[in-house]
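Here is the structure we will look at.
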2 protein chains.
Amino acid sequence: MSKSHLTLTPVETAACCSPLLREPISLEHAERLTPLLKALADPVRLRLVSIVAASEGGEACVCDLNDAFDLSQPTISHHLKVLHDAGLLDRSKRGVWVYYAVRREVLADVAALIGGSA
Amino acid sequence: MSKSHLTLTPVETAACCSPLLREPISLEHAERLTPLLKALADPVRLRLVSIVAASEGGEACVCDLNDAFDLSQPTISHHLKVLHDAGLLDRSKRGVWVYYAVRREVLADVAALIGGSA
DNA sequence: GATCAATATTGACATACGTCTATGTCTGGT
DNA sequence: ACCAGACATAGACGTATGTCAATATTGATC
């Protein structure tokens, strides 16, 4: 279990199931989780995350990602920005190319919150 | 692990981590997962799910849910419909009252798909 | 430093979404 | 039968979202 800002305290998470299912989450918790779910709640972005995660070395160049979709380059760039802004993707520029990598701990936190060991 | 339409075959899920992270998911998989994430990607609906799940007997009456928010009754009704249509909530009418219950297996499936054992 | 290739940004557009008020539909009690 | 209360539906309205074409920016190369 990671120690991101999303997880609750151990005593809260250990009892029976995910915090979401165990007790009414606060407005603040809901509003911190929502942007991550919003970022994931799009078929293109889901596939982007998936393709990046499954790529050689856990990262992928934007140029390869563009080729994987029937969408314009700005549209892919936009989706990558949404994912990056949400904290789901890391960005690293190397030369002319930009590589994105999935922040698996964040994804794992989201999963643990909504239904982990439900 | 449940056997909902969301899970992949055992051989696909067992290898290393969630299907999303292990290999590029298909468009169909992405489009089947997206509506669930969309349904969850709202602070009010997240709290609705949470309140219902944490309620006595795992279900809650709409009347109680209305009281938990500073929103109009139709708005809550709308959010409950979204969650129900997505397959996240079960609905049962008893007399004048309507009770909703969280389908935990579905939630668990979503969690397993996006980051389970990442 | 001019040029080219890889990404990002901007602005426009149609559609989707969250919310409300007003109204409809049940159901139980009088 | 009627009424009252619980919940759903319809319609309207502003805002957010996904997409594109056009343009800007950045970095490598000649």
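Order of the sequence lines sets the chain letters (A, B, ...), proteins ahead of strands, with each chain counted from 1. Remember, it's a predicted structure, so these values are computed and weren't measured experimentally. Just so it is clear, the values below take in all heavy atoms, side chains as well, and ignore hydrogens, waters and symmetry mates.
Annotation: of the two residues near DNA chain C, Gly95(B) and Val98(A), the 5′-most nearest-nucleotide partner is Val98(A). Toward the 5′ end of DNA chain D lies the nearest nucleotide of Arg45(A), the other residue of the pair Arg45(A) and Pro74(A) mapping further downstream. Along DNA chain C, the nucleotide nearest to Gln73(A) and the one nearest to Gln73(B) differ in position, and the one closer to the 5' end is contacted by Gln73(A).
In this structure, Arg47(B) places its CZ atom 16 Å from P of dG18(C), rounding to the nearest Å. As rounded to whole Å, 13 Å separates atom P of dT19(D) from atom CG of Asn66(A). Here dA8(D) presents its C1' atom at 12 Å from CG of Asp85(B), a figure rounded to the nearest Å. One atom, CZ of Arg94(A), and another, C1' of dA5(C), lie 18 Å apart when rounded to the nearest Å. The separation between Lys81(B) atom NZ and dA16(C) atom C1' is 15 Å, rounded to whole Å. What separates CG of Asp42(B) from C1' of dA16(D) is a distance of 12 Å, to the nearest Å. We find that CG of Leu48(B) is positioned 14 Å from C1' of dT19(C), with the value rounded to whole Å. Between His78(A) atom NE2 and dT9(C) atom P the separation is 12 Å, expressed in whole Å.
By the 4.5 Å heavy-atom criterion applied to side chains, Val62(B) and Tyr100(B) are counted as neighbours. By the 4.5 Å heavy-atom criterion applied to side chains, Ile114(B) and Ile114(A) are counted as neighbours. Counting heavy atoms from C-beta on, the side chains of Leu83(B) and Val52(B) never come closer than 4.5 Å.
Between Ser77(B) and dC7(D), a side-chain N or O to OP1/OP2 separation shorter than 4.0 Å is absent.
For Thr75(B), taking side-chain heavy atoms from C-beta onward, the closest of the listed nucleotides dT7(C), dG18(D), dT19(C) is dT19(C). Taking only side-chain atoms of Lys93(A), from C-beta outward, the nucleotide of dT7(C), dG27(D), dC7(D) with the closest atom is dG27(D). In the set dA8(D), dA28(D), dG18(C), the nucleotide with an atom closest to the side chain of Val96(A) is dA28(D). The side chain of Cys63(B) approaches dC7(D) more closely than any other nucleotide in the set dC7(D), dA8(C), dT21(C). Taking every side-chain heavy atom of Lys38(A) into account, dT17(D) is the closest of dT9(C), dC7(D), dT17(D). For Tyr100(A), counting side-chain heavy atoms from C-beta on, the closest listed nucleotide (dA6(C), dA8(C), dA8(D)) is dA8(C).
In summary, the side chains of Thr75(A) and His78(A) do not present any donor paired with an acceptor at a separation below 3.5 Å, with no hydrogens or angles considered.
For Pro43(B) against Glu31(A), the heavy-atom pair with the smallest separation is CB-CG, 4.0 Å.
Glu59(B) pairs with exactly one of Lys93(B), Arg94(B), Arg91(B) by the salt bridge (charged side-chain N to carboxylate O under 4.0 Å, His left out) rule, that one being Arg94(B).
Residue Arg91(A) is classed as a sugar-phosphate contact, given heavy-atom separations below 4.0 Å to backbone atoms only. If you check every strand for non-hydrogen atoms under 4.0 Å, Leu71(A) touches sugar and phosphate atoms only. Among the atoms of the strands shown, only primed sugar atoms or phosphate atoms (P, OP1, OP2) are found under 4.0 Å from some heavy atom of His79(A).
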